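Written below as structure tokens is the structure these notes are about.
Since we're looking at a predicted model, the values are computed, not measured. Residue numbers start at 1 and run along the sequence shown.
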Amino acid sequence: DKQASPLPPLAASVDVKATGTETLITLGDRVYRVRGLKNNNHLDQLKINLMVKRDEQFHLDKLDLYSSKQRQVFINQSCVELGVKDEVIKKDLGKVLLALEEQQAQQQEDSNEKATVEIDSESRKVAMELLHDPLLLDRVLSDFKCAGVVGEETNKLAGYLSCVSRKLDKPLAVIIQSSSAAGKSSLMDSILALMPEEERVQYSAMTGQSLFYMGETNLKHKILAIAEEEGASNASYALKLLQSEGEVTIASTGKDDTSGQLVTREYRVEGPVMLFLTTTAIDIDEELMNRCLVLTVNETREQTQRIHQLQRQRQTLEGLLLENDQSHLTNLHQNAQRLIRTLLVANPY
């Protein structure tokens, strides 16, 4: 019998080229194309779309690289399509797995760096001056007017301070109630604009189960803003639990990747979270309303006149120049919010 021919030598170093949508890994005369890596938000899974190509032959499949069963199926099919020994594909997948783990770790690190915004010394100094201003709340109201929001002083301050409460163990929740096109969304957006982008999560609507699968720390000490309370009606039960209990958990049934048996997995979302909702409904869910501060928008004729006056003023040269300062004010308040830390306060009275 002829002795089996030795395996072709594997590349000493893995050639990895990553673009915005895919990763190409070259090993000898075989090229592996990986798509969907960015969809893996947890380090316990590596579900990808993987194609291996050799000359004109190729094999394409979707699999979780952490599943030995799925890897073996990919190896068997690739050997048939490419005409190579299974040991070659098996060793290749090991190198592909290690290369993708490095990329995944880098993505996680980049995501953490993005979540932590660095403030330069000059911006920090200006933000601290704002926070130490004895007339801080007057400054806040003045900056709101510069941002194009007139009137609603009580609502603006209540919403602003409620958003600051996201840092606390038991933050407040706010519902802005008004008729259609009365300015509730503009009021909410103007308040949220002064909060750091990395500390707020905004949705137009939520499904009943979506909140349970948002990750353990994705909402912790953040603002969850939903444009219309009706859009969150399906998730109202979960929102009420998150507000009162500080966390929500759900037991869900799925297949085990290794054995294929049905198993029960627990999903948990940590709070606390500050809820910010708007609604046009006259009758709000009583249990939700008991957990929220309800703000009503000023719909008087005088308020409408103030809005029209501001709209006319913003068309003048002075108004156009004022718009250019909005981004500066927004960055100033966002940096000030990033500097806020929680302190233990004892009330002796």
Stepwise, does the side-chain contact (heavy atoms from CB on, under 4.5 Å) test hold for F276 with I176? CA-CA 8 Å; F276 207 150; I176 300 179; 3.5 Å; yes

Applying side-chain contact (heavy atoms from CB on, under 4.5 Å) to L339 and M128, what does each step give before you reach the verdict? CA-CA 8 Å; L339 296 178; M128 288 301 292; 3.6 Å; yes

V52/L60 under side-chain contact (heavy atoms from CB on, under 4.5 Å): CA gap, chis, key distance, verdict: CA-CA 7 Å; V52 56; L60 176 67; over 6 Å; no

Test log, rule side-chain hydrogen bond (donor to acceptor under 3.5 Å, both in side chains), inputs Q309 and R306: CA-CA 5 Å; Q309 181 180 356; R306 285 192 289 266; over 6 Å; no

Report the C-alpha separation of Q202 and R200 in whole Å, then their side-chain angles, then the decisive distance to 0.1 Å, and conclude whether the side-chain hydrogen bond (donor to acceptor under 3.5 Å, both in side chains) test is met. CA-CA 7 Å; Q202 292 180 254; R200 64 178 193 256; 3.2 Å; yes

Pair M274, L224 - check side-chain contact (heavy atoms from CB on, under 4.5 Å), show working. CA-CA 6 Å; M274 185 268 167; L224 176 58; over 6 Å; no

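Considering only heavy atoms from C-beta on, S68 comes within 4.5 Å of R71 through its side chain. With contacts defined as side-chain heavy-atom distances shorter than 4.5 Å, the pair H308/Q311 qualifies. Under the 4.5 Å side-chain criterion, counting only non-hydrogen atoms from C-beta, Q303 is in contact with I307. Here the side chains of V16 and L24 are not in contact, with every heavy-atom distance at 4.5 Å or above. In this structure, the side chains of L157 and L137 come closer than 4.5 Å at one or more pairs of heavy atoms. Two residues are said to be in side-chain contact when any heavy atoms from C-beta on lie closer than 4.5 Å; L295 and Q177 fail this criterion. Between K170 and P272 the shortest side-chain heavy-atom distance does not fall below 4.5 Å. At a threshold of 4.5 Å between non-hydrogen side-chain atoms, the residues I191 and C163 count as touching.
In this structure, CD on E197 lies 9.5 Å from OG1 on T330, to the nearest 0.5 angstrom. Rounding to the nearest 0.5 angstrom, the gap separating the OH atom in Y32 from the NZ atom in K53 is 14.0 Å. Atom CG of L293 is separated from atom CG of N155 by 8.5 Å, given to the nearest 0.5 angstrom. To the nearest 0.5 Å, the span separating NZ on K95 from CG on D15 amounts to 12.0 Å. The structure places CD of E87 at 8.0 Å from NZ of K90, a figure rounded to the nearest 0.5 Å. To the nearest 0.5 Å, the span separating CG on L93 from CD1 on I75 amounts to 5.0 Å.
Counting non-hydrogen atoms of neighbouring residues, nucleotides and ligands closer than 6.0 angstrom, the NZ atom of K167 exceeds 12 such neighbours.
A distance-only check finds a donor-acceptor pair linking the side chain of N40 to the backbone of L37 [under 3.5 Å]. Not one N or O on the side chain of D86 forms a donor-acceptor pair closer than 3.5 Å with the backbone of C79. Under a 3.5 Å cut-off, the side chain of T249 and the backbone N or O of R268 do not form any donor-acceptor pair. No donor-acceptor pair closer than 3.5 Å links the side chain of R33 to the backbone N or O of M51. With S190 contributing its side chain and S186 its backbone, the two residues share a donor-acceptor pair below 3.5 Å. The closest donor-acceptor contact from the side chain of T23 to the backbone of T19 lies at 3.5 Å or more, if one exists at all. A donor-acceptor pair is defined here as one N or O able to donate and one able to accept, closer than 3.5 Å; such a pair exists between the side chain of E152 and the backbone of N298. Judged by distance alone, the side chain of D133 and the main-chain N or O of L135 form a donor-acceptor pair under 3.5 Å. Within the 3.5 Å criterion, the main-chain N or O of R139 finds no donor-acceptor partner in the side chain of S142.
Grouping the Ile, Leu, Val, Met, Phe, Trp and Tyr side chains by contacts below 4.5 angstrom, directly or via other members, places L172 apart from V164. I89 and L97 end up in the same hydrophobic cluster when Ile, Leu, Val, Met, Phe, Trp and Tyr side chains are linked at under 4.5 Å. The cluster map of Ile, Leu, Val, Met, Phe, Trp and Tyr, joined by side-chain heavy atoms under 4.5 Å apart, puts Y66 and I25 in the same cluster. Hydrophobic clustering of Ile, Leu, Val, Met, Phe, Trp and Tyr side chains at less than 4.5 Å, counting indirect connections, keeps L329 apart from I119. Placement of I340 and L136 within a single hydrophobic cluster is found when ILVMFWY residues are connected by side-chain heavy-atom separations under 4.5 Å, directly or transitively.
Classification of the F74-H59 ring pair by plane angle, with boundaries at 30° and 60°, yields tilted.
Of all heavy-atom pairs between G83 and R54, the closest is O-NH1, 4.1 Å. Closest non-hydrogen pair, R291 versus A173, comes out as O-CB, 3.6 Å. Taking each heavy atom of I48 and L65 in turn, the nearest pair found is CD1-CD1, 3.7 Å. Annotation for D169 and H221: closest pair OD1-CE1, 4.3 Å, computed over non-hydrogen atoms. In terms of heavy-atom proximity, A238 sits nearest to L211 at CB-CD2, 3.5 Å. For the residue pair A193 and Q334, the shortest heavy atom distance occurs at O-NE2, 2.9 Å.
Salt bridge annotation for E198-R338: present, with a cationic side-chain nitrogen under 4.0 angstrom from a carboxylate oxygen. Taking 4.0 Å as the cut-off between side-chain N and carboxylate O, K220 and E270 count as a salt-bridged pair. One finds no salt bridge joining D64 and K47 here, because no Lys/Arg side-chain nitrogen approaches an Asp/Glu carboxylate oxygen to under 4.0 Å.
No hydrogens or angles considered: nothing links the side chains of R30 and Q57 as a donor-acceptor pair under 3.5 Å.
Exactly one residue among K38, K17, R35 makes a salt bridge (charged side-chain N to carboxylate O under 4.0 Å, His left out) with E22. That residue is R35.
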